[in-house]
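Order of the sequence lines fixes the chain letters, A, B, ..., with proteins taken first and strands second; residue numbering starts at 1 for each chain.
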Amino acid sequence: MSSLIKKSLTEIHAMLMAKEVTATEAVKACLEQITKSEPETKALLTICNDAALKQAEEMDAQGPDESKPLWGVPVVIKDALATNGIPTTAGSKILEGFTPFYDSTAVAKLKEAGAIIVGKANMDEFAMGSTTENSAYQTTTNPWDSSRVPGGSSGGSGATIAAGQCYAALGTDTGGSIRLPASFCGCVGVKPTYGRVSRYGMIAYGSSLDQIGPMTRTVEDAARVLNVIGGHDQRDSTSADQPMDDFVAALEERKDLSGLTIGLPEEYWGEGLSEEVNEACRAAIAKAEELGAKTVPVKLSMTEYAIATYYIIAMAEASSNLSRFDGVRYGHRTEDPKELAELYTKSRTEAFGDEVQRRIIIGTYVLSAGYYDAYYRKAAQIRRLLRENFNKAFESCDLIASPACPTTAFPVGELTSDPLQMYLQDIFTISLNLVGMPGMSLPVAFGKETKMPVGLQFMAPAFDEKTMLQAAHILEKNLPELPKVKL
Amino acid sequence: MSDEKLNLEEVARVARLARLDLSEEKTELFAGQLNNILTYMDKLNEIDTSEVEPMFSPVEHTTRLRKDEVKKEHTRDEVLSNAPDTDGKYFVVPRIV
């Protein structure tokens with residue numbers, strides 16, 4: 001049974017369709033691996049043991065359904081996404097015990113496609129963090145080395161893939177929260193274009209930055225999930241009414257990288273980059289050149305302003321989004337409040353963690369009278385300049401490539417006392433959220449020094465996930481094969 | 001952007017605006033960290049943005065309109081199901097007057 005969990009989503013789906021394996025067997029294999037790996041990995045906040053098995057048995061009784069592209073495939077959902085009847089906490093005490101009575105659109109689409117939810121993944125509280133150490137419940141560890149972080153905030157989603165607990169996980173990416181854990185855990189993580197995937201039912205952090213995306217073992221697996229969860233949704237007014245490519249079919253259209261130009265921004269390949277990450281990513285770029293890609297230098301001169309811009313906007317939006325947590329309609333309520341204002345204040349103070357409180361206070365400050373123009377409006381202006389930077393860069397290339405993170409996964413606890421240093425980890429990923437363009441992390445090697453996974457990031461113009469996935473797929477097929485599951 | 005650091009009183013004031021009640025210890029800790037973060041953000045002043053239109057969202061498409069129809073998607077019991085306190089019909093909070 002354990003060999004089943006080494007399969008990719010694409011492989012297990014083919015086996016399910018051919019009746020070489022039943023949905024029940026696939027679910028059991030994942031649940032067994034969850035039982036084995038969870039004491040150390042702590043990737044999941046909820047394990048849907050009985051419900052997943054019951055669903056699998058019912059599906060097996062009816063037989064495989066060719067029309068469902070994820071029929072019988074066990075998946076894990078980041079706890080930031082509402083799941084009908086399954087607790088959803090966003091990693092926060094303020095939502096402890098909250099059980100939604102509806103599905104987020106991405107989850108509803110996975111279910112319609114036949115996927116079976118086996119668990120909810122741990123995360124930094126309200127997706128605020130780069131290591132999954134800010135969860136109110138537990139610290140997830142990196143399956144490749146449990147003394148190291150899995151990255152964040154979708155660290156539970158990255159770890160569950162790397163630990164072989166499921167075949168695909170959904171993450172959310174506000175400043176790199178899919179790409180960073182994908183890089184640290186050695187899996188594929190895709191942040192689609194803003195608006196490509198409906199955010200309905202996602203517990204919002206920074207509404208103009210958040211995007212839902214797949215974390216998987218292979219690029220083809222990610223394409224399969226994106227095919228399912230993408231598309232217009234009338235429940236989300238920012239959802240894009242754009243045609244969807246068939247991303248899986250598109251992978252077959254290209255046989256090599258000839259005709260493709262990859263931009264290499266000097267701002268991403270210089271100072272601050274660890275030697276092993278630099279070496280691994282440059283080797284991958286050299287392989288892309290061998291496969292026919294042309295590389296050109298590009299300038300993203302606003303990069304050094306991206307982190308300050310990002311955190312002003314993200315914290316402003318977070319302070320606004322989190323004002324809904326007041327202890328009245330759902331979530332934690334303080335005991336015996338004397339009056340309404342005390343109910344609000346005590347409930348929030350007791351249940352929000354430090355990082356969340358810090359960001360709410362900065363967000364409130366930068367939006368307050370007298371500071372709005374100096375911070376929030378200024379950041380929004382620089383955001384436009386940053387997008388002009390990217391648009392200009394994409395005039396001379398089809399894709400931009402960089403490391404996903406300056407280092408491999410670092411030790412648990414290393415950055416928790418210095419929030420600013422933690423924010424700087426996101427330097428290579430956050431610009432894309434500001435400009436709304438798609439990006440992904442592809443595992444390309446294990447670092448020579450730390451022996452931890454290294455991710456190469458591809459970035460593409462808005463709504464061109466197709467070219468990005470094609471290039472990553474070809475590179476993945478031509479790089480030395482990496483172990484994809486830690487057993 | 002102001003060079004002035006956030007003092008303890010201001011941190012406490014902003015926290016109150018955000019409906020948070022910080023202990024003295026946390027106010028001090030946060031004041032230090034927030035000043036670091038805000039000082040870092042001051043680097044945005046290096047860029048002249050006087051002629052730049054702010055961009056608040058990456059969305060450029062026009063929102064597709066749908067019919068304004070009333071639909072009952074959830075029952076009262078569902079909506080009340082996660083509330084800390086209800087009387088079966090309404091959310092219950094402390095008396096205000």
Side-chain angles (χ1 to χ4, degrees), chain A residues 98-99 101-102 194-195 208 232 234 237-238 240-242 304-305 308-309 311-312 319 326-333 337-341 343-346 348-349 352 354 357-358 360-362 364-365 368 371 374-375 377-385 387 419-420 423 434-436 462, chain B residues 1-2 6 10-11 13-23 26 29-30 33-34 36-47 49-66 73-75 77-86 91-96:
Chain A
F98 175 71
T99 304
F101 45 85
Y102 63 97
Y194 184 82
S208 79
H232 179 256
Q234 66 171 17
S237 64
T238 62
D241 194 4
Q242 287 271 344
E304 65 172 303
Y305 303 102
T309 304
Y311 277 100
I312 290 171
S319 72
D326 55 11
V328 173
R329 289 146 297 140
Y330 43 76
H332 171 79
R333 177 182 289 192
K338 302 287 178 291
E339 39 91 33
L340 196 58
L343 183 155
Y344 299 151
T345 302
K346 281 197 167 172
R348 288 164 62 81
T349 305
F352 283 141
D354 280 2
Q357 294 195 14
R358 203 160 25 235
I360 288 174
I361 292 171
I362 295 187
T364 306
Y365 178 76
S368 62
Y371 296 102
Y375 288 103
R377 188 181 161 82
K378 179 92 184 175
Q381 288 169 315
I382 293 184
R383 186 179 192 177
R384 182 174 298 280
L385 296 178
R387 191 173 65 169
L420 185 55
Y423 301 165
L434 288 164
V435 301
Chain B
M1 233 172 272
S2 165
L6 262 178
E10 282 167 320
V11 172
R13 186 185 65 86
V14 177
R16 273 197 304 278
L17 285 176
R19 300 284 189 206
L20 293 170
D21 181 20
L22 304 185
S23 66
K26 205 184 255 186
L29 174 74
F30 277 12
Q33 292 172 334
L34 300 187
N36 272 347
I37 294 165
L38 289 170
T39 304
Y40 178 78
M41 289 170 175
D42 277 346
K43 80 187 273 110
L44 299 189
N45 282 337
E46 294 167 12
I47 310 280
T49 53
S50 50
E51 302 296 319
V52 182
E53 184 68 20
M55 178 178 134
F56 295 108
S57 163
V59 171
E60 287 176 289
H61 56 263
T62 320
T63 305
R64 195 207 280 180
L65 299 177
R66 60 176 155 81
E73 291 193 59
H74 304 297
T75 64
D77 284 348
E78 282 174 335
V79 173
L80 293 175
S81 64
N82 283 291
D85 195 7
T86 79
F91 299 106
V92 173
V93 294
R95 286 180 70 94
I96 300 170

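Scanning all heavy atoms of the two residues, the minimum distance from Glu53(B) to Arg384(A) falls at O-NE, 2.5 Å. The two residues Pro84(B) and Val328(A) make their nearest non-hydrogen contact at CD-O, 3.3 Å. When every heavy atom of Ser57(B) is checked against every heavy atom of Ser208(A), the shortest pair comes out as CA-CB, 4.2 Å. Between Val52(B) and Gln381(A), the closest heavy-atom pair is O-NE2, 3.0 Å. Residue Lys43(B) comes nearest to Glu304(A) through the heavy atom pair CE-O, 3.1 Å, listed as atom of the first residue, atom of the second, then distance.
Judged by distance alone, with hydrogens and angles left aside, the side-chain atoms of Arg383(A) form no donor-acceptor pair with the main-chain N or O of Pro54(B) at under 3.5 Å. Without hydrogens or angle criteria, Asn82(B) side chain to Thr99(A) main chain gives a donor-acceptor distance under 3.5 Å. In terms of modelled atom types and a separation under 3.5 Å, the side chain of Arg333(A) and the main chain of Val93(B) share no donor-acceptor contact. Judged by distance alone, with hydrogens and angles left aside, the side-chain atoms of Lys338(A) form no donor-acceptor pair with the main-chain N or O of Pro94(B) at under 3.5 Å.
Separating the CD1 atom in Ile312(A) from the CD1 atom in Ile37(B) is a distance of 11.0 Å, to the nearest 0.5 Å. The OG atom of Ser81(B) sits 13.0 Å away from atom CZ of Arg329(A), with the distance rounded to the nearest 0.5 Å. One distance of note links OG1 of Thr309(A) with CE of Met41(B); it measures 9.0 Å at 0.5 Å rounding.
Contact check for Arg19(B) versus Asp326(A): no side-chain heavy atoms found under the 4.5 Å cut-off. Counting heavy atoms from C-beta on, the side chains of Leu34(B) and Tyr365(A) never come closer than 4.5 Å. In this structure, the side chains of Asp42(B) and Tyr375(A) come closer than 4.5 Å at one or more pairs of heavy atoms. Residues Leu20(B) and Thr364(A) fail the side-chain proximity criterion, which asks for heavy atoms closer than 4.5 Å.
Contacts of Val435(A) with chain B are made by backbone atoms alone, with heavy-atom separations under 4.5 Å and no side-chain atom involved. Proximity to chain B (any heavy atom under 4.5 Å) is restricted, for Tyr194(A), to the side chain, taken from C-beta onward. With a threshold of 4.5 angstrom between heavy atoms, Phe352(A) approaches chain B through side-chain atoms but not through N, CA, C or O. With a 4.5 angstrom heavy-atom cutoff, Phe30(B) touches chain A only via side-chain atoms. Contact annotation for Gln33(B): only side-chain heavy atoms (C-beta onward) come within less than 4.5 Å of a heavy atom of chain A. Contact of Val79(B) with chain A is made through backbone and side chain together, with heavy-atom distances under 4.5 Å. Within the 4.5 angstrom heavy-atom criterion, atoms from both the backbone and the side chain of Thr49(B) approach chain A. At a 4.5 Å heavy-atom cutoff, Gln242(A) makes no contact with chain B through either its backbone or its side chain. Contacts between Leu343(A) and chain B at a heavy-atom distance below 4.5 Å involve the side chain alone, from C-beta outward.
Side chains of Glu46(B) and Tyr305(A): a donor-acceptor N/O pair is present below 3.5 angstrom, by distance only.
The side-chain hydrogen bond (donor to acceptor under 3.5 Å, both in side chains) test applied to Asp354(A) returns Lys26(B), not counting sequence neighbours. Qualifying side-chain hydrogen bond (donor to acceptor under 3.5 Å, both in side chains) partners for Ser368(A), counting only residues two or more places apart in sequence or in other chains: none.
Between Phe101(A) and His74(B), the ring planes are perpendicular. Angles over 60° get that label, and only those under 30° would be called parallel.
Heavy-atom pairs under 4.5 Å with chain A peak, among Asp85(B), Leu17(B), Ile96(B), at Asp85(B). Put simply, of Ile360(A), Leu434(A), Ile362(A), the one with the most heavy-atom pairs under 4.5 Å next to chain B is Ile362(A). Taking chain B as the reference chain and counting heavy-atom pairs below 4.5 Å, the highest number among Lys346(A), Glu339(A), Gln234(A) is found for Gln234(A).
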